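Keep in mind that what you see is a predicted model, and the values were worked out from it rather than measured. Scope of the values below: all heavy atoms of this structure, side chains included, with no hydrogens, waters or symmetry mates.
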Amino acid sequence: MQPEFRDIDIRDVSAFIEHWSFTDQHASDYSFPILWGWAFDYGYQVFEEKTTDLLWIRQTKPSRYDLAPIGGWHRGDWRQLIEDHYGKSAEFWLVPEKLTDIWRYQFGDALEIEEDRGNWEYLYDIQNLASLSGNKYMKKRNRVNQFRRAYNYVYETISKDNAADVMDFQQSWCQANHCGSTPGLVQESHGIQRILQNWDMIPHLRGGLLRVDGNIAAYTIGELSGDTVLVHFEKASLEYGAGYQVINKEFLSHMLEENPDLVMANREEDMNDPGLREAKMSYLPKGFIKKYHIKVSL
(Lines give C-alpha, C1' and ligand atoms only; values in the text may rest on other atoms or scores of the structure.)
Protein backbone atom coordinates (compact mmCIF):
# COMPACT_ATOMS: atom_id res chain seq x y z
CA MET A 1 0.00 0.00 0.00
CA GLN A 2 1.50 3.31 -1.06
CA PRO A 3 1.32 5.91 1.74
CA GLU A 4 -1.17 8.71 1.04
CA PHE A 5 0.84 11.74 2.09
CA ARG A 6 -0.74 15.15 2.59
CA ASP A 7 0.60 18.58 3.45
CA ILE A 8 1.25 19.12 7.14
CA ASP A 9 -1.26 21.48 8.74
CA ILE A 10 -1.42 23.43 11.99
CA ARG A 11 -4.45 21.30 12.90
CA ASP A 12 -2.17 18.25 12.94
CA VAL A 13 -0.38 19.46 16.05
CA SER A 14 -2.24 17.29 18.61
CA ALA A 15 -1.86 14.06 16.64
CA PHE A 16 1.73 14.94 15.87
CA ILE A 17 2.61 15.51 19.53
CA GLU A 18 0.95 12.21 20.46
CA HIS A 19 3.17 10.32 18.00
CA TRP A 20 6.18 12.35 19.15
CA SER A 21 5.54 11.25 22.75
CA PHE A 22 5.93 7.59 21.71
CA THR A 23 9.20 8.24 19.88
CA ASP A 24 12.32 7.01 21.66
CA GLN A 25 14.66 9.77 20.53
CA HIS A 26 13.49 13.35 20.11
CA ALA A 27 15.59 14.75 17.29
CA SER A 28 14.76 18.39 16.73
CA ASP A 29 14.31 17.85 12.98
CA TYR A 30 11.12 15.94 13.80
CA SER A 31 9.52 18.43 16.18
CA PHE A 32 6.26 19.99 15.04
CA PRO A 33 7.42 23.65 15.04
CA ILE A 34 10.33 22.81 12.75
CA LEU A 35 8.40 20.67 10.27
CA TRP A 36 5.32 22.88 10.16
CA GLY A 37 7.28 26.14 10.29
CA TRP A 38 9.41 25.13 7.31
CA ALA A 39 6.64 23.29 5.45
CA PHE A 40 5.91 26.10 2.99
CA ASP A 41 9.50 26.19 1.73
CA TYR A 42 10.33 22.50 1.98
CA GLY A 43 6.95 20.91 1.30
CA TYR A 44 6.84 18.67 4.36
CA GLN A 45 4.07 16.09 4.23
CA VAL A 46 2.78 13.42 6.60
CA PHE A 47 1.02 10.09 6.38
CA GLU A 48 -0.70 8.86 9.53
CA GLU A 49 -0.92 5.09 9.41
CA LYS A 50 -4.09 4.04 11.21
CA THR A 51 -3.10 0.39 11.64
CA THR A 52 0.11 1.32 13.46
CA ASP A 53 1.20 4.12 15.75
CA LEU A 54 3.53 5.57 13.12
CA LEU A 55 3.51 8.94 11.41
CA TRP A 56 5.53 8.90 8.19
CA ILE A 57 7.19 12.13 7.04
CA ARG A 58 8.71 13.36 3.81
CA GLN A 59 10.11 16.50 2.22
CA THR A 60 8.96 17.35 -1.31
CA LYS A 61 10.85 20.59 -2.13
CA PRO A 62 13.17 21.09 -3.93
CA SER A 63 13.29 17.28 -4.26
CA ARG A 64 11.66 14.37 -2.48
CA TYR A 65 13.41 13.11 0.63
CA ASP A 66 11.83 10.49 2.87
CA LEU A 67 12.54 11.03 6.55
CA ALA A 68 12.21 8.56 9.41
CA PRO A 69 8.73 7.99 10.84
CA ILE A 70 7.89 9.00 14.40
CA GLY A 71 5.88 6.92 16.84
CA GLY A 72 6.52 3.46 18.29
CA TRP A 73 9.85 2.27 16.90
CA HIS A 74 10.06 -0.96 18.89
CA ARG A 75 8.32 -3.36 16.54
CA GLY A 76 9.38 -6.45 14.64
CA ASP A 77 7.79 -5.81 11.25
CA TRP A 78 9.95 -3.03 9.81
CA ARG A 79 10.98 -5.09 6.79
CA GLN A 80 7.37 -5.72 5.85
CA LEU A 81 6.34 -2.12 6.48
CA ILE A 82 9.11 -0.68 4.32
CA GLU A 83 8.41 -3.12 1.51
CA ASP A 84 4.65 -2.51 1.65
CA HIS A 85 5.08 1.28 1.50
CA TYR A 86 8.17 1.74 -0.66
CA GLY A 87 8.86 -1.53 -2.48
CA LYS A 88 12.18 -3.35 -2.60
CA SER A 89 14.32 -0.23 -2.35
CA ALA A 90 13.98 2.91 -0.26
CA GLU A 91 16.11 5.80 0.94
CA PHE A 92 15.75 7.74 4.20
CA TRP A 93 17.43 10.87 5.47
CA LEU A 94 18.05 12.19 8.99
CA VAL A 95 17.39 8.82 10.61
CA PRO A 96 18.14 9.09 14.36
CA GLU A 97 20.64 6.72 15.92
CA LYS A 98 18.18 4.66 17.96
CA LEU A 99 15.99 3.88 14.96
CA THR A 100 19.11 3.19 12.90
CA ASP A 101 20.15 0.57 15.47
CA ILE A 102 16.71 -1.09 15.31
CA TRP A 103 16.78 -1.17 11.52
CA ARG A 104 20.36 -2.46 11.48
CA TYR A 105 19.31 -5.42 13.65
CA GLN A 106 16.23 -6.24 11.54
CA PHE A 107 17.60 -5.51 8.06
CA GLY A 108 21.21 -6.63 8.39
CA ASP A 109 23.05 -6.46 5.07
CA ALA A 110 20.01 -4.94 3.36
CA LEU A 111 21.04 -1.54 4.76
CA GLU A 112 23.62 0.91 3.49
CA ILE A 113 24.30 3.38 6.30
CA GLU A 114 26.13 6.70 5.87
CA GLU A 115 27.00 8.92 8.82
CA ASP A 116 25.48 12.43 8.55
CA ARG A 117 27.81 14.31 10.90
CA GLY A 118 26.64 17.78 9.91
CA ASN A 119 23.16 16.99 11.19
CA TRP A 120 24.14 15.54 14.56
CA GLU A 121 22.38 17.48 17.33
CA TYR A 122 24.46 18.73 20.26
CA LEU A 123 23.30 17.82 23.77
CA TYR A 124 24.44 19.76 26.84
CA ASP A 125 23.99 19.61 30.59
CA ILE A 126 21.54 22.46 31.03
CA GLN A 127 22.90 23.31 34.47
CA ASN A 128 26.33 23.95 32.99
CA LEU A 129 25.06 26.28 30.27
CA ALA A 130 22.69 28.10 32.62
CA SER A 131 25.41 28.82 35.19
CA LEU A 132 28.65 28.85 33.15
CA SER A 133 30.44 28.05 36.39
CA GLY A 134 33.96 26.67 36.69
CA ASN A 135 37.21 27.28 34.87
CA LYS A 136 36.07 25.49 31.71
CA TYR A 137 33.50 28.24 31.05
CA MET A 138 35.56 31.17 32.31
CA LYS A 139 35.93 32.90 28.93
CA LYS A 140 32.22 32.69 28.20
CA ARG A 141 31.34 33.83 31.71
CA ASN A 142 33.67 36.82 31.31
CA ARG A 143 31.98 37.81 28.04
CA VAL A 144 28.55 37.61 29.70
CA ASN A 145 29.78 39.78 32.57
CA GLN A 146 31.23 42.32 30.14
CA PHE A 147 27.85 42.57 28.44
CA ARG A 148 26.15 43.08 31.79
CA ARG A 149 28.51 45.89 32.71
CA ALA A 150 28.18 47.57 29.32
CA TYR A 151 24.40 47.39 28.88
CA ASN A 152 21.41 47.82 31.12
CA TYR A 153 19.30 45.04 29.62
CA VAL A 154 16.07 43.31 30.54
CA TYR A 155 14.92 39.78 29.76
CA GLU A 156 11.38 39.16 28.51
CA THR A 157 9.48 35.97 27.85
CA ILE A 158 8.21 35.77 24.28
CA SER A 159 4.44 35.81 24.00
CA LYS A 160 1.82 36.89 21.49
CA ASP A 161 2.14 40.39 22.97
CA ASN A 162 5.74 40.89 21.84
CA ALA A 163 5.92 38.39 18.95
CA ALA A 164 5.58 41.22 16.41
CA ASP A 165 8.65 42.92 17.90
CA VAL A 166 10.60 39.69 17.47
CA MET A 167 9.48 39.48 13.83
CA ASP A 168 10.69 43.04 13.23
CA PHE A 169 14.04 42.19 14.79
CA GLN A 170 14.31 39.04 12.67
CA GLN A 171 13.80 41.09 9.51
CA SER A 172 16.51 43.52 10.61
CA TRP A 173 18.81 40.62 11.47
CA CYS A 174 18.23 39.17 8.00
CA GLN A 175 19.12 42.43 6.32
CA ALA A 176 22.30 42.78 8.38
CA ASN A 177 23.32 39.19 7.69
CA HIS A 178 22.43 39.16 3.97
CA CYS A 179 19.87 36.36 4.20
CA GLY A 180 19.05 36.63 0.53
CA SER A 181 22.51 35.48 -0.50
CA THR A 182 22.88 32.72 2.11
CA PRO A 183 21.27 29.33 1.42
CA GLY A 184 18.74 28.38 4.04
CA LEU A 185 18.48 31.71 5.89
CA VAL A 186 15.49 32.96 3.87
CA GLN A 187 13.64 29.69 4.48
CA GLU A 188 14.57 29.80 8.15
CA SER A 189 13.21 33.33 8.45
CA HIS A 190 9.92 32.23 6.86
CA GLY A 191 9.67 29.43 9.44
CA ILE A 192 10.36 31.79 12.32
CA GLN A 193 7.67 34.17 11.07
CA ARG A 194 5.07 31.36 10.80
CA ILE A 195 5.84 30.19 14.32
CA LEU A 196 5.64 33.68 15.81
CA GLN A 197 2.37 34.43 14.01
CA ASN A 198 0.82 31.27 15.51
CA TRP A 199 2.56 31.31 18.88
CA ASP A 200 -0.41 30.31 21.03
CA MET A 201 -1.45 27.45 18.73
CA ILE A 202 1.72 25.37 19.18
CA PRO A 203 2.07 23.70 22.61
CA HIS A 204 5.34 23.65 24.54
CA LEU A 205 6.90 26.63 22.74
CA ARG A 206 9.14 28.76 24.90
CA GLY A 207 11.12 31.86 24.05
CA GLY A 208 13.01 34.75 25.50
CA LEU A 209 14.49 38.05 24.36
CA LEU A 210 16.88 40.72 25.56
CA ARG A 211 16.09 44.41 25.32
CA VAL A 212 18.68 47.16 25.57
CA ASP A 213 17.19 50.65 25.83
CA GLY A 214 13.89 49.23 24.62
CA ASN A 215 15.38 47.62 21.50
CA ILE A 216 15.68 43.86 21.04
CA ALA A 217 19.31 42.77 21.09
CA ALA A 218 18.80 39.01 20.92
CA TYR A 219 16.15 36.32 21.14
CA THR A 220 15.71 32.56 21.37
CA ILE A 221 12.82 30.29 20.39
CA GLY A 222 12.77 26.83 21.94
CA GLU A 223 10.49 23.98 22.86
CA LEU A 224 10.07 21.78 25.94
CA SER A 225 10.35 18.05 25.28
CA GLY A 226 10.38 15.89 28.40
CA ASP A 227 13.54 16.62 30.39
CA THR A 228 15.07 18.54 27.48
CA VAL A 229 14.65 22.01 26.03
CA LEU A 230 15.18 22.17 22.26
CA VAL A 231 16.77 25.43 21.13
CA HIS A 232 15.34 25.93 17.65
CA PHE A 233 16.37 29.50 16.81
CA GLU A 234 18.82 31.95 18.35
CA LYS A 235 19.63 35.36 16.89
CA ALA A 236 21.58 38.28 18.25
CA SER A 237 22.62 41.69 16.97
CA LEU A 238 26.37 41.99 16.53
CA GLU A 239 26.02 45.64 17.52
CA TYR A 240 26.09 44.73 21.20
CA GLY A 241 28.74 42.00 21.34
CA ALA A 242 28.37 38.75 23.30
CA GLY A 243 24.64 38.80 22.61
CA TYR A 244 24.62 35.13 21.65
CA GLN A 245 26.35 34.07 24.86
CA VAL A 246 24.02 36.16 27.00
CA ILE A 247 20.71 35.08 25.43
CA ASN A 248 21.84 31.45 25.61
CA LYS A 249 22.60 31.71 29.33
CA GLU A 250 19.55 33.84 30.19
CA PHE A 251 17.09 31.64 28.27
CA LEU A 252 18.34 28.40 29.81
CA SER A 253 18.49 29.96 33.28
CA HIS A 254 14.85 31.03 33.02
CA MET A 255 13.87 27.60 31.64
CA LEU A 256 15.44 25.96 34.70
CA GLU A 257 13.68 28.34 37.06
CA GLU A 258 10.33 27.45 35.50
CA ASN A 259 11.11 23.74 35.04
CA PRO A 260 13.60 22.49 37.66
CA ASP A 261 13.45 18.92 36.32
CA LEU A 262 15.08 19.85 33.02
CA VAL A 263 18.33 17.96 32.41
CA MET A 264 19.52 18.65 28.87
CA ALA A 265 19.63 21.41 26.30
CA ASN A 266 19.58 20.36 22.63
CA ARG A 267 21.27 23.09 20.60
CA GLU A 268 20.82 21.28 17.29
CA GLU A 269 23.24 20.73 14.42
CA ASP A 270 26.22 22.57 12.94
CA MET A 271 25.49 21.78 9.24
CA ASN A 272 29.21 21.10 8.70
CA ASP A 273 29.99 24.80 9.19
CA PRO A 274 33.51 24.93 10.72
CA GLY A 275 32.86 28.09 12.73
CA LEU A 276 29.55 26.87 14.06
CA ARG A 277 31.06 23.49 14.95
CA GLU A 278 33.85 25.16 16.87
CA ALA A 279 31.34 27.33 18.74
CA LYS A 280 29.13 24.38 19.65
CA MET A 281 32.07 22.24 20.75
CA SER A 282 33.34 25.09 22.94
CA TYR A 283 30.27 24.65 25.14
CA LEU A 284 31.43 21.05 25.87
CA PRO A 285 28.55 18.83 24.74
CA LYS A 286 27.65 15.79 26.82
CA GLY A 287 26.65 13.84 23.73
CA PHE A 288 24.85 13.91 20.40
CA ILE A 289 21.72 12.73 18.70
CA LYS A 290 23.46 11.11 15.77
CA LYS A 291 21.70 10.85 12.43
CA TYR A 292 22.26 8.81 9.31
CA HIS A 293 21.42 8.56 5.61
CA ILE A 294 20.10 5.05 4.97
CA LYS A 295 19.45 3.09 1.79
CA VAL A 296 17.35 -0.08 1.96
CA SER A 297 17.72 -2.82 -0.67
CA LEU A 298 15.48 -5.84 0.01
Side-chain angles (χ1 to χ4, degrees), residues 25-31 33-35 37-38 41-42 44 57 59 62 65 67-68 92-100 113-126 128-130 132 136-137 139-140 143-144 170 173-174 176-179 181-192 195 206-208 218-223 225 228-238 241-252 255 263-294:
Q25 197 168 32
H26 287 174
S28 184
D29 287 318
Y30 293 87
S31 71
I34 293 298
L35 290 172
W38 294 55
D41 289 285
Y42 291 102
Y44 286 119
I57 303 166
Q59 176 182 325
Y65 298 97
L67 308 184
F92 298 93
W93 300 80
L94 303 177
V95 182
E97 182 176 19
K98 288 189 176 181
L99 181 57
T100 298
I113 301 173
E114 179 185 2
E115 183 180 280
D116 188 2
R117 176 62 179 85
N119 280 301
W120 287 11
E121 296 177 11
Y122 288 70
L123 302 177
Y124 303 87
D125 183 318
I126 193 172
N128 289 342
L129 268 60
L132 295 181
K136 58 188 177 182
Y137 292 111
K139 290 183 179 179
K140 296 186 184 302
R143 295 208 68 196
V144 169
Q170 174 61 28
W173 184 94
C174 250
N177 288 272
H178 310 291
C179 284
S181 59
T182 305
L185 286 183
V186 171
Q187 291 87 342
E188 179 190 56
S189 193
H190 292 165
I192 292 169
I195 290 168
R206 297 293 186 274
Y219 77 90
T220 288
I221 294 174
E223 179 185 8
S225 178
T228 301
V229 58
L230 310 176
V231 181
H232 292 316
F233 306 104
E234 183 179 84
K235 305 296 181 187
S237 171
L238 298 180
Y244 281 101
Q245 289 87 350
V246 178
I247 188 59
N248 176 34
K249 183 183 187 304
E250 289 285 357
F251 176 67
L252 295 179
M255 288 299 96
V263 176
M264 302 296 290
N266 179 337
R267 291 186 52 77
E268 302 188 348
E269 62 280 312
D270 61 39
M271 303 303 292
N272 286 322
D273 180 282
L276 191 54
R277 180 167 297 180
E278 182 180 1
K280 288 181 181 291
M281 290 300 296
S282 72
Y283 274 99
L284 307 178
K286 289 291 186 180
F288 302 90
I289 294 180
K290 299 178 181 180
K291 284 172 279 184
Y292 300 87
H293 171 208
I294 293 180

Sidechain-backbone polar pair: Asn177 side chain, Cys179 backbone, donor-acceptor under 3.5 Å: no
Residue pair Lys140 / Ser282: nearest heavy atoms and the distance that separates them: NZ-OG, 2.8 Å
Verdict with reasoning, Leu185 to Gln187, per side-chain contact (heavy atoms from CB on, under 4.5 Å): CA-CA 5 Å; Leu185 286 183; Gln187 291 87 342; over 6 Å; no
Ring-face cation contact, Phe288 with Arg117, 6.0 Å cut, 45° max: yes
Salt-bridge present (Glu121, Lys291; N to O < 4.0 Å): yes
His232 side chain to Ser28 side chain, donor-acceptor N/O pair below 3.5 angstrom: yes
Separation of Asp116 CG from Leu94 CG (nearest 0.5 Å): 6.0 Å
Tyr292 vs Glu97 side-chain heavy atoms within contact, under 4.5 Å: yes
Reference residue Asn266; test side chain to side chain contact (heavy atoms under 4.5 Å, CB included); the match among Val231, Leu230, Val229: Leu230
Separation between NE2 of His293 and CZ of Phe92, rounded to the nearest 0.5 Å: 10.5 Å
Closest contact, heavy atoms only, Glu269 versus Leu276: O-CD2, 4.0 Å
Worked verdict on His26 versus Thr228 for side-chain contact (heavy atoms from CB on, under 4.5 Å): CA-CA 9 Å; His26 287 174; Thr228 301; over 6 Å; no
Working for side-chain contact (heavy atoms from CB on, under 4.5 Å), residues Asn128 and Leu284: CA-CA 9 Å; Asn128 289 342; Leu284 307 178; over 6 Å; no
Any donor-acceptor N or O pair under 3.5 Å, side chains Tyr30, Gln25: no
Side chains of Ile195 and Phe233 in contact at under 4.5 Å (non-hydrogen atoms): yes
N/O donor-acceptor pair under 3.5 Å between Lys286 side chain and Tyr124 backbone: no
Heavy-atom closest pair, residues Glu234 and Ile247: CG-CG2, 3.9 Å
Verdict with reasoning, Leu67 to Asp29, per side-chain contact (heavy atoms from CB on, under 4.5 Å): CA-CA 10 Å; Leu67 308 184; Asp29 287 318; over 6 Å; no
Minimum side-chain heavy-atom gap Asn248-Thr220 below 4.5 Å: no
Where Gly243 and Ala218 come nearest, the two heavy atoms and their spacing: O-CB, 4.0 Å
Euclidean distance, Leu129 CG relative to Lys249 NZ, rounded to 0.5 Å: 10.0 Å
Under 3.5 Å donor-acceptor, Lys235 side chain and Gln170 backbone: no
Min side-chain heavy-atom separation Glu278-Pro274 under 4.5 Å: no
Side chain to side chain, Gln245 and Leu132, heavy atoms closer than 4.5 Å: no
Backbone N/O of Tyr283 and side chain of Tyr137: donor-acceptor pair under 3.5 Å: yes
Gap between atom CD1 of Ile221 and atom CZ of Arg206 - 0.5 Å precision: 13.0 Å
Distance, nearest 0.5 Å, that separates OG of Ser225 from CE of Met264: 12.5 Å
